[in-house]
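What follows is one structure encoded as structure tokens, with my remarks underneath.
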Amino acid sequence: MKNIKSIFGFSDKKKKYTKDIRVENIQTISNESISMLLMEPCLISKIVAVWNNKSIDLKFSQQKQNLTIYGLDLLECKVVGRIKFDVYVIVNGEKKRLFFENAKNVSFNERHFDINVATNDTEYFYFSKSYSRLMLQTIVGSKIKANSIWNQNEQLLIQSNDFIKLSDGFEIEIKRFKFKEKVGYEKVNATTIKLDINKLSNLKKLISYDLIFFDSNSPKKESIAIDIKTNKPVQIGKAMDGKVYPFLWVNNGFINKIEQSGDFKKRFVLDSEVEILGAYFRYKERPVFKRLNFLKNDTNLEISFDLQQAKKKYNSLEIVYLENGYMKRYVSKLDDIKISQSSIHENTRDVKMLLCQ
């Protein structure tokens, strides 16, 4: 960590600071700094952020009683984790705190100032409501947070501000159980990559693969990519036509209701119009699937099976579909399926959906 050194006594919380410098008119003036007005004339020689008996120098500028303080360069300092830094100013060799007397009376937004936009990590200055003194909070994770993932011209692209946290030449791997395969990629720009998915011939269709990043400077340290839209790990899946999409597991919000419309025929009334890619039963106690035939008309999906007999052999019903650029896999335990009788009379001889033999 750059510019870090031990400063004895800075973390002594029992010591009382009677020479605080009062400040007013605090505001964010850029993506990386805040400004404030010092309520007494003084010449600041240094400002440090202190945590766990260690400190990092903070850049600042002062024009008379107008003070601007810059946040940490999270990439350069290699700060990781949730860390609260005490902020100290040095005046005539003495350490002092910046004190906002009205902190306990103002709103959250009036004493919190977000100053980091370089990555998806969080960094902000704030005045403690209890002690009214300036602090610096960082929340930095090792995960790669993907702002967006999309399929474009049969290519899968990922945009993330966090790619700049990785060394040049980082590696990507797809993983499922014991299966692993390296994935080539092309940098579109500093925050966007294009996966070389056409060479991923070993991907099985309609199942999910984890996407793992490895820093070239720390090859044993892996970073899981997180989709910030869903807050779930980034996974990819291959459709029947060979296209690769971002993949999501779904447990609700897909099926509105299930109706019994014949001796074995079940009508799944979907919440919206989507493209169905496959329907499966999952065997109990092992990740093996039996594919089912289905018929779809608008938001009605018909599948034929005997629920009570299926419960003896299978654990869940899983339906794979495309929606809003994502491949999604809906999972429902067979014990959780509730079926209502359809108001429409149908001849059971017209059942068209049968289990694949």
Side-chain angles (χ1 to χ4, degrees), residues 1-13 17 20-21 23 26-36 38 44-63 66-91 95-100 103 108-129 131-145 147 160-168 170 190-191 213 215 217-218 221 223 226 228:
M1 190 181 291
K2 188 176 180 180
N3 293 332
I4 297 180
K5 55 186 177 181
S6 296
I7 297 185
F8 179 78
F10 269 26
S11 63
D12 184 3
K13 297 182 179 179
Y17 297 93
D20 293 320
I21 301 174
V23 297
I26 305 102
Q27 58 184 317
T28 305
I29 62 169
S30 73
N31 293 328
E32 56 183 9
S33 64
I34 63 171
S35 69
M36 63 194 71
L38 304 176
I44 297 173
S45 60
K46 192 174 188 180
I47 300 181
V48 290
V50 179
W51 168 77
N52 196 25
N53 252 9
K54 297 177 184 283
S55 76
I56 304 176
D57 293 347
L58 295 180
K59 294 179 182 178
F60 71 97
S61 63
Q62 182 182 2
Q63 293 183 349
N66 295 305
L67 177 66
T68 299
I69 307 177
Y70 296 84
L72 296 173
D73 185 330
L74 300 180
L75 305 179
E76 185 179 5
C77 296
K78 303 296 184 184
V79 174
V80 178
R82 301 176 64 95
I83 301 176
K84 290 183 179 180
F85 292 89
D86 295 312
V87 177
Y88 294 87
V89 299
I90 309 300
V91 179
K95 58 180 182 287
K96 298 186 178 184
R97 299 298 299 269
L98 297 173
F99 179 76
F100 179 34
F108 179 87
N109 290 334
E110 291 176 284
R111 59 187 181 86
H112 281 69
F113 308 91
D114 190 348
I115 47 89
N116 176 60
V117 294
T119 71
N120 288 318
D121 299 311
T122 298
E123 179 181 5
Y124 56 87
F125 285 107
Y126 73 99
F127 285 88
S128 165
K129 190 171 185 178
Y131 301 102
S132 304
R133 292 174 174 87
L134 184 62
M135 307 284 291
L136 178 62
Q137 171 79 63
T138 60
I139 304 175
V140 182
S142 60
K143 297 175 182 177
I144 302 298
K145 296 180 182 177
N147 295 6
S160 172
N161 295 339
D162 290 336
F163 287 146
I164 61 177
K165 294 195 296 186
L166 298 173
S167 303
D168 287 338
F170 62 85
T191 62
F213 290 81
D215 195 312
N217 286 342
S218 304
K221 184 178 180 181
S223 296
I226 301 293
I228 64 172

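In this text, all values refer to a predicted model and were calculated from it rather than measured experimentally. For the single chain, residues carry numbers from 1 onward in sequence order.
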Do [X] and [Y] have side chains that approach each other closer than 4.5 Å (heavy atoms only, starting at C-beta)?
{"X": "L136", "Y": "Y126", "result": "no"}
{"X": "L67", "Y": "L98", "result": "yes"}
{"X": "S128", "Y": "R133", "result": "no"}
{"X": "I29", "Y": "I34", "result": "no"}
{"X": "M135", "Y": "V87", "result": "no"}
{"X": "I26", "Y": "F113", "result": "yes"}
{"X": "L58", "Y": "V48", "result": "no"}
{"X": "I56", "Y": "F85", "result": "yes"}

* Heavy-atom closest pair, residues A190 and F163 ->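 For A190 versus F163, the nearest heavy atoms are O-CB, 3.8 Å.
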* Closest approach of R111 to A103 (non-hydrogen atoms, all atoms of both residues) ->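 Closest approach of R111 to A103, heavy atoms only: CD-O, 3.4 Å.
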* **side chain to side chain contact (heavy atoms under 4.5 Å, CB included) between I44 and L38, worked out** => CA-CA 11 Å; I44 297 173; L38 304 176; 4.2 Å; yes
* **Donor-acceptor contact below 3.5 Å, side chain T28 vs main chain S30** =>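 Absent.
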* side chain to side chain contact (heavy atoms under 4.5 Å, CB included) between V89 and K95, worked out -> CA-CA 6 Å; V89 299; K95 58 180 182 287; over 6 Å; no
In Å and rounded to the nearest 0.5 Å, what is the [atom1] to [atom2] distance from [X] to [Y]?
{"X": "S223", "Y": "I144", "atom1": "OG", "atom2": "CD1", "result": "5.0 Å"}
{"X": "Q27", "Y": "T68", "atom1": "CD", "atom2": "OG1", "result": "9.0 Å"}
{"X": "I69", "Y": "Q62", "atom1": "CD1", "atom2": "CD", "result": "10.0 Å"}
{"X": "W51", "Y": "I83", "atom1": "CH2", "atom2": "CD1", "result": "4.0 Å"}
{"X": "R82", "Y": "T122", "atom1": "CZ", "atom2": "OG1", "result": "8.5 Å"}
{"X": "I139", "Y": "E123", "atom1": "CD1", "atom2": "CD", "result": "10.5 Å"}

* What residue among F125, F127, Y124 forms ring pair (Phe, Tyr, Trp, His ring centres under 6.0 Å) with H112? ->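 Testing H112 for a ring pair (Phe, Tyr, Trp, His ring centres under 6.0 Å) against F125, F127, Y124 leaves exactly one candidate, Y124.
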* Begin from the C-alpha positions of F99 and Y131 and carry the test side chain to side chain contact (heavy atoms under 4.5 Å, CB included) through to its verdict. => CA-CA 8 Å; F99 179 76; Y131 301 102; over 6 Å; no
* **Derivation and outcome, side chain to side chain contact (heavy atoms under 4.5 Å, CB included), residues L72 and T138** => CA-CA 9 Å; L72 296 173; T138 60; 4.2 Å; yes
* D86 bridged to R97 by N-O distance under 4.0 Å ->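 Judged by the 4.0 Å cut-off on N to carboxylate O distance, D86 and R97 do form a salt bridge.
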* Would D20 and K96 pass as an ion pair if we require N to O under 4.0 Å? ->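 Looking at K96 together with D20, the answer is no, because their closest N to O distance does not fall below 4.0 Å.
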